[in-house]
Amino acid sequence: MKWPSFARRKARTVSPQWDAESGEFNFKELRRRDPLTNLPNRHALEDYIEDLIPKAKRGDIPGIAVIFLDLDRFRRVSMGMGYRAADELLHAVAERLQESVGEDEFLGRFAADQFVLVSSESESIRHAVAIADRIRNRIRAPFVVAGVELFMTISAGVVFWNPSYTHAEELIRDGDIANVHSKTKGREVISVFDPNWFQESVGGLQLQNELRRALNRSEFEVYYQPILSLKSGRISGFEALSRWKHPEYGLMPPAYFIEMAEESGSIIEMDRRLLEHACRQLRSWHTLFPNFSDLYLSVNVSSLEFLHPDLISRIDRTLRNSGTYGRHIRLELTESLLMENTRYTTQMLEQLRNLQIGISIDDFGTGYSSFAYLKRFNVDTIKIDYSFVQRITEDEESAEIVSSIASLAERLGKTSVAEGVETKSQYEALREIGVDAIQGFFIAPPLSSERAGDLMKLVQDRENHLDRILEDRMLGHSQNN
Ligand code: C2E
Ligand code: CA
Ligand code: CA
């Protein structure tokens, strides 16, 4: 979508438009524009993206790409030629950018020399990068400012929406982070967002401090992603996943901070609180939803926490305090953790079993996964890594791997859960193969506790219509989660 045409006027200042219908000047519109470039400002940008998110969730648009643009060495112009010349340049850049905006694209000025372009027609990250590339080329032609020819370049950070993004600010934040990364690589760089760069953009030491502060202020929340049993057609459990509700940066999944949390040891406290919180939540759901009396929670355990001598006594205490049965809790451990400390691990698993706690192997297939270990360790569930699941309909090898893991699990009397199921065809392929349960955006993204509760209410009322609910894509997609 193009911003209405008066955005293209050459005027340096914006004046309120006369609205014939209301018979008043339209000041509201004015507050949503940047006076220098006449482009939509940050608020208008956020609103535009915010409106697209529910459409993307419903599948009405192929995707949302956010391209964060930032001129290289802009400060040199403002320092060298003065602020007036810099303003003139920005005005010219905005105009050039506006000219390269296509159908279903929206451009706004974010701050200083930063612009954001949003495309609602991008079906892939490749397409989004191509847009960024097109803009990069357009900026290369010289600008004439105060009679001087200036050669400018622009860098970009690209982020593509997925169902974990619930608000516009999160997408803009990640475009910004990707852009900061581009800047560290030189000029005219286009980077596709990677959550690991959050640490890079904030700085390691500062992030450590922030994590400690966040723990003190209880900024971590638990999100719950449903696990759907294909055998019973019911939601059999939820995986509890940490989210950091940062007052400034918004909601952040663990990939942004977990490495640092492990390095600094904060992860232990985080995991403890998560387990306490999740147990209380489970207890309340069991009371609220009698149809879900066997609902379980799957909880990730970091290796630091697993190797902590207090592990067993603390979990025991947490279960008692919250009135939760061990059989309703599954701990997710990674393969590498199991392989590295075999004797100790065997003992620990034994003790956990005494508490009736279930054990899952997470990300199965990505490590050294020797099938022999599956027999040796007394685990209940194998979570098939999403990397195989996502290729299941595209390459035969992945389908073969998933199917071998599923049948092995069955022979050994273990439950198989396929992670990262995003599409209907993946869901159908997995049903064909006969995995026991699935988890992924196709069912629902990780949900706040309120939304997870809403979901159970919905399913409880329509117990026999799960297929239809899936068909309607109602689970967790209907509102903000
Ligand atoms: P994981 O255990 O493999 O968790 C599944 C991850 O896949 C989650 O990412 C989830 O949001 C994401 N996901 C779910 N469905 C889909 C899908 O259909 N497609 C794609 N592409 N992704 C999907 P999340 O929440 O960002 O967590 C990342 C990892 O961080 C987790 O991977 C887990 O290893 C770790 N983690 C999360 N919460 C905690 C925690 O409280 N403690 C510890 N120690 N680790 C945690
Ligand atoms: Ca997990
Ligand atoms: Ca996993």
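From a predicted model like this one, the values you see are computed outputs, not experimental measurements.
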Kindly compute the distance separating [atom1] ([X]) from [atom2] ([Y]), expressed to the nearest 0.5 Å.
{"X": "I438", "Y": "L430", "atom1": "CD1", "atom2": "CG", "result": "6.5 Å"}
{"X": "I139", "Y": "L71", "atom1": "CD1", "atom2": "CG", "result": "6.5 Å"}
{"X": "I359", "Y": "T381", "atom1": "CD1", "atom2": "OG1", "result": "9.5 Å"}
{"X": "D174", "Y": "F160", "atom1": "CG", "atom2": "CZ", "result": "14.0 Å"}
{"X": "S242", "Y": "M252", "atom1": "OG", "atom2": "CE", "result": "12.0 Å"}
{"X": "F115", "Y": "L45", "atom1": "CZ", "atom2": "CG", "result": "11.0 Å"}

Do the rings of [X] and [Y] sit parallel, tilted or perpendicular, given the 30° and 60° boundaries?
{"X": "F110", "Y": "F68", "result": "perpendicular"}
{"X": "F238", "Y": "Y224", "result": "perpendicular"}
{"X": "W197", "Y": "F193", "result": "perpendicular"}

Side chain proximity check, [X] to [Y], heavy atoms < 4.5 angstrom:
{"X": "Q439", "Y": "K383", "result": "yes"}
{"X": "W161", "Y": "E170", "result": "no"}
{"X": "T153", "Y": "R73", "result": "no"}
{"X": "E200", "Y": "H181", "result": "yes"}
{"X": "S266", "Y": "L215", "result": "yes"}
{"X": "K57", "Y": "Y165", "result": "no"}
{"X": "P253", "Y": "P195", "result": "no"}
{"X": "H308", "Y": "I268", "result": "yes"}

Lys/Arg-Asp/Glu bridge criterion (N-O < 4.0 Å) met for [X], [Y]:
{"X": "R273", "Y": "E269", "value": "yes"}
{"X": "D454", "Y": "R451", "value": "yes"}
{"X": "R109", "Y": "D34", "value": "yes"}
{"X": "E428", "Y": "K424", "value": "yes"}
{"X": "R140", "Y": "E188", "value": "yes"}
{"X": "R330", "Y": "E239", "value": "no"}

Test your reading of the model: is there a side-chain donor-acceptor pair from [X] to the backbone of [Y], 3.5 Å cut-off?
{"X": "S416", "Y": "D436", "result": "yes"}
{"X": "S403", "Y": "I433", "result": "no"}
{"X": "R431", "Y": "L230", "result": "no"}
{"X": "Q426", "Y": "E422", "result": "yes"}
{"X": "D271", "Y": "S302", "result": "yes"}
{"X": "K183", "Y": "D70", "result": "yes"}
{"X": "R173", "Y": "L251", "result": "yes"}
{"X": "S119", "Y": "E121", "result": "yes"}
{"X": "D113", "Y": "L90", "result": "no"}
{"X": "E305", "Y": "R272", "result": "no"}

Shortest non-hydrogen contact from [X] toward [Y]:
{"X": "I227", "Y": "S298", "result": "CD1-CB, 4.4 Å"}
{"X": "R31", "Y": "N41", "result": "O-ND2, 2.8 Å"}
{"X": "A418", "Y": "V421", "result": "O-CG2, 3.7 Å"}

Within a radius of less than 6.0 Å around [atom1] of [X], do more than 12 heavy atoms belonging to other residues, nucleotides or ligands occur?
{"X": "R138", "atom1": "CZ", "answer": "yes"}
{"X": "R134", "atom1": "CZ", "answer": "yes"}
{"X": "Y386", "atom1": "OH", "answer": "no"}
{"X": "E123", "atom1": "CD", "answer": "yes"}

Query - Given K245, R213, R243, the one that forms side-chain hydrogen bond (donor to acceptor under 3.5 Å, both in side chains) with E219 - result: R213
Query raised in the report: Run the side chain to side chain contact (heavy atoms under 4.5 Å, CB included) check on E210 and W244 step by step: do they pass?
Result: CA-CA 11 Å; E210 289 249 1; W244 181 2; 3.8 Å; yes
Report task. Test I190 against every option in I67, V158, I135, L69 by the side-chain contact (heavy atoms from CB on, under 4.5 Å) rule and name the one that passes. Result -> V158
Query raised in the report: Are M79 and R75 close enough, and set up right, to give a side chain to side chain contact (heavy atoms under 4.5 Å, CB included), and what steps lead you there?
Result: CA-CA 6 Å; M79 299 313 275; R75 271 183 69 81; 3.9 Å; yes
Report task. Check the pair F257 / M270 against side chain to side chain contact (heavy atoms under 4.5 Å, CB included), numbers first and verdict last. Result -> CA-CA 11 Å; F257 57 86; M270 277 172 50; 3.4 Å; yes
Query raised in the report: Just checking, any donor-acceptor pair under 3.5 angstrom between side chains of Y249 and D176?
Result: no
Query - Worked verdict on F388 versus I392 for side chain to side chain contact (heavy atoms under 4.5 Å, CB included) - result: CA-CA 6 Å; F388 306 113; I392 195 170; over 6 Å; no
Query raised in the report: Is the cationic atom of R96 (NZ for Lys, CZ for Arg) positioned less than 6.0 Å from the six-membered ring centroid of F143 and within 45 degrees of its normal?
Result: yes
